[in-house]
Colleague: 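Okay, here's the structure, questions in a sec.
The chains referred to below are lettered A, B, ... by the order of the sequence lines, with proteins before strands, and numbering in each begins at 1. These numbers come from a predicted model, not from an experiment.
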Amino acid sequence: AQKITQTQPGMFVQEKEAVTLDCTYDTSDQSYGLFWYKQPSSGEMIFLIYQGSYDEQNATEGRYSLNFQKARKSANLVISASQLGDSAMYFCAMRDQEGNQFYFGTGTSLTVIP
Amino acid sequence: DTAVSQTPKYLVTQMGNDKSIKCEQNLGHDTMYWYKQDSKKFLKIMFSYNNKELIINKTVPNRFSPKSPDKAHLNLHINSLELGDSAVYFCASSQGLGDYPLNEQFFGPGTRLTVL
């Protein structure tokens with residue numbers, strides 16, 4: 001069965017510092033996609049970054065990078081140079097091989113401290 | 001232009017009423033979803049449609065009935081609303097089934113349903 005685990009319910013980071021949000025996944029599929037979404041207090045779900053299971057390079061999008069360790073089944077999100085606007089809930093998600101379902105973790109609430 | 005839109009954004013209603021939430025996507029995607037996000041922010045998939053066909057129907061009370069008139073629309077009708085139905089409901093869409101790379105979902109802004 002597919003499963004996504006986020007073990008950090010809440011995280012704090014000083015402004016301008018980097019922070020890593022943890023995500024582990026469980027699947028027997030060979031082909032899958034890993035995603036991170038941001039949900040600010042306004043409520044919308046914002047797609048941040050994608051990593052395919054066959055991608056050898058870690059994905060990067062601006063200040064976001066995904067630390068993909070396939071053997072350990074982890075897909076941690078690294079946010080560099082944190083900004084106050086990064087304060088939000090962050091969800092890790094996986095899309096399975098069939099492609100018709102996304103599995104979400106329970107989320108990590110990130111607070112950036114000035 | 002909004003990629004995935006939902007109406008209404010807020011819905012306040014009495015227990016026992018029937019209500020609908022509408023969703024439209026202009027991304028040309030094949031697959032659409034409904035999620036429920038509870039007060040603890042946990043996202044639970046309810047339904048998924050691919051080209052108007054139901055492909056995922058999780059354990060959801062049959063008071064919830066999705067309808068997809070075409071692949072750009074997926075509406076959610078809820079009968080006999082209960083207090084426990086209060087939540088944020090998200091519509092989402094994505095492209096492709098099983099085609100690698102597996103593309104992301106795009107979410108609508110959410111509908112906050114409050115049942116009194």
Colleague: Would A:Tyr64 and A:Leu34 show up in the same hydrophobic cluster when neighbours are defined by side-chain heavy atoms closer than 4.5 Å?
Modeller: yes

Colleague: Report the C-alpha separation of B:Gln37 and A:Gln39 in whole Å, then their side-chain angles, then the decisive distance to 0.1 Å, and conclude whether the side-chain contact (heavy atoms from CB on, under 4.5 Å) test is met.
Modeller: CA-CA 12 Å; B:Gln37 187 175 43; A:Gln39 187 177 38; 2.9 Å; yes

Colleague: How would you list, in number order, the residues of residues 83-94 of chain A that have a heavy atom less than 4.5 Å from chain B?
Modeller: A:Met89, A:Phe91

Colleague: Going hydrophobic residue to hydrophobic residue with side-chain gaps under 4.5 angstrom, can you get from B:Met32 over to B:Leu27?
Modeller: no

Colleague: Which pair of heavy atoms, one from B:Leu43 and one from A:Met45, lies closest together, and at what distance?
Modeller: CD1-CE, 3.5 Å

Colleague: Tell me whether A:Phe68 is reachable from A:Leu48 by hopping between hydrophobic residues (I, L, V, M, F, W, Y) whose side-chain heavy atoms are closer than 4.5 Å.
Modeller: yes

Colleague: Ignoring hydrogens and geometry, is there a side-chain-to-backbone donor-acceptor pair from A:Tyr37 to B:Gln105 under 3.5 Å?
Modeller: yes

Colleague: Taking B:Val88 as the starting point, is it possible to reach B:Val12 by hopping between hydrophobic residues whose side chains are less than 4.5 Å apart?
Modeller: no

Colleague: Evaluate the criterion side-chain contact (heavy atoms from CB on, under 4.5 Å) for residue pair A:Phe102 and B:Ser94; output intermediate values, then yes/no.
Modeller: CA-CA 10 Å; A:Phe102 287 73; B:Ser94 67; 4.0 Å; yes

Colleague: Assess whether atom NZ of A:Lys73 is packed by more than 12 heavy atoms of other residues, nucleotides or ligands within 6.0 Å.
Modeller: yes

Colleague: Kindly list each side-chain donor-acceptor pair under 3.5 angstrom involving residues 11-19 of chain A, sequence neighbours excluded, with atom names and distances?
Modeller:
residue : atom : partner  : partner atom : Å
A:Gln14 : NE2  : A:Pro114 : O            : 3.2

Colleague: What distance do A:Ile49 atom CD1 and B:Glu104 atom CD have between them, rounded to the nearest 0.5 Å?
Modeller: 11.5 Å

Colleague: Report yes or no: do B:Val115 and B:Ile21 belong to one cluster of Ile/Leu/Val/Met/Phe/Trp/Tyr joined by side chain heavy-atom distances under 4.5 Å?
Modeller: yes

Colleague: Which pairs with one or both residues in residues 41-70 of chain A pass disulfide bond (SG atoms under 2.5 Å apart), sequence neighbours excluded?
Modeller: none

Colleague: Show me the pairs that pass disulfide bond (SG atoms under 2.5 Å apart) and involve residues 10-44 of chain B, at least two apart or across chains.
Modeller: B:Cys23-B:Cys91

Colleague: For A:Arg95 and B:Asn103, run side-chain contact (heavy atoms from CB on, under 4.5 Å): C-alpha distance rounded to whole Å, both residues' side-chain angles, the deciding distance at 0.1 Å, then the answer.
Modeller: CA-CA 8 Å; A:Arg95 187 172 187 180; B:Asn103 299 308; 4.0 Å; yes

Colleague: Could you give me the CA-CA distance, side-chain angles and deciding distance for A:Phe104 and B:Tyr35, then say whether side-chain contact (heavy atoms from CB on, under 4.5 Å) is met?
Modeller: CA-CA 11 Å; A:Phe104 281 83; B:Tyr35 288 89; 3.5 Å; yes

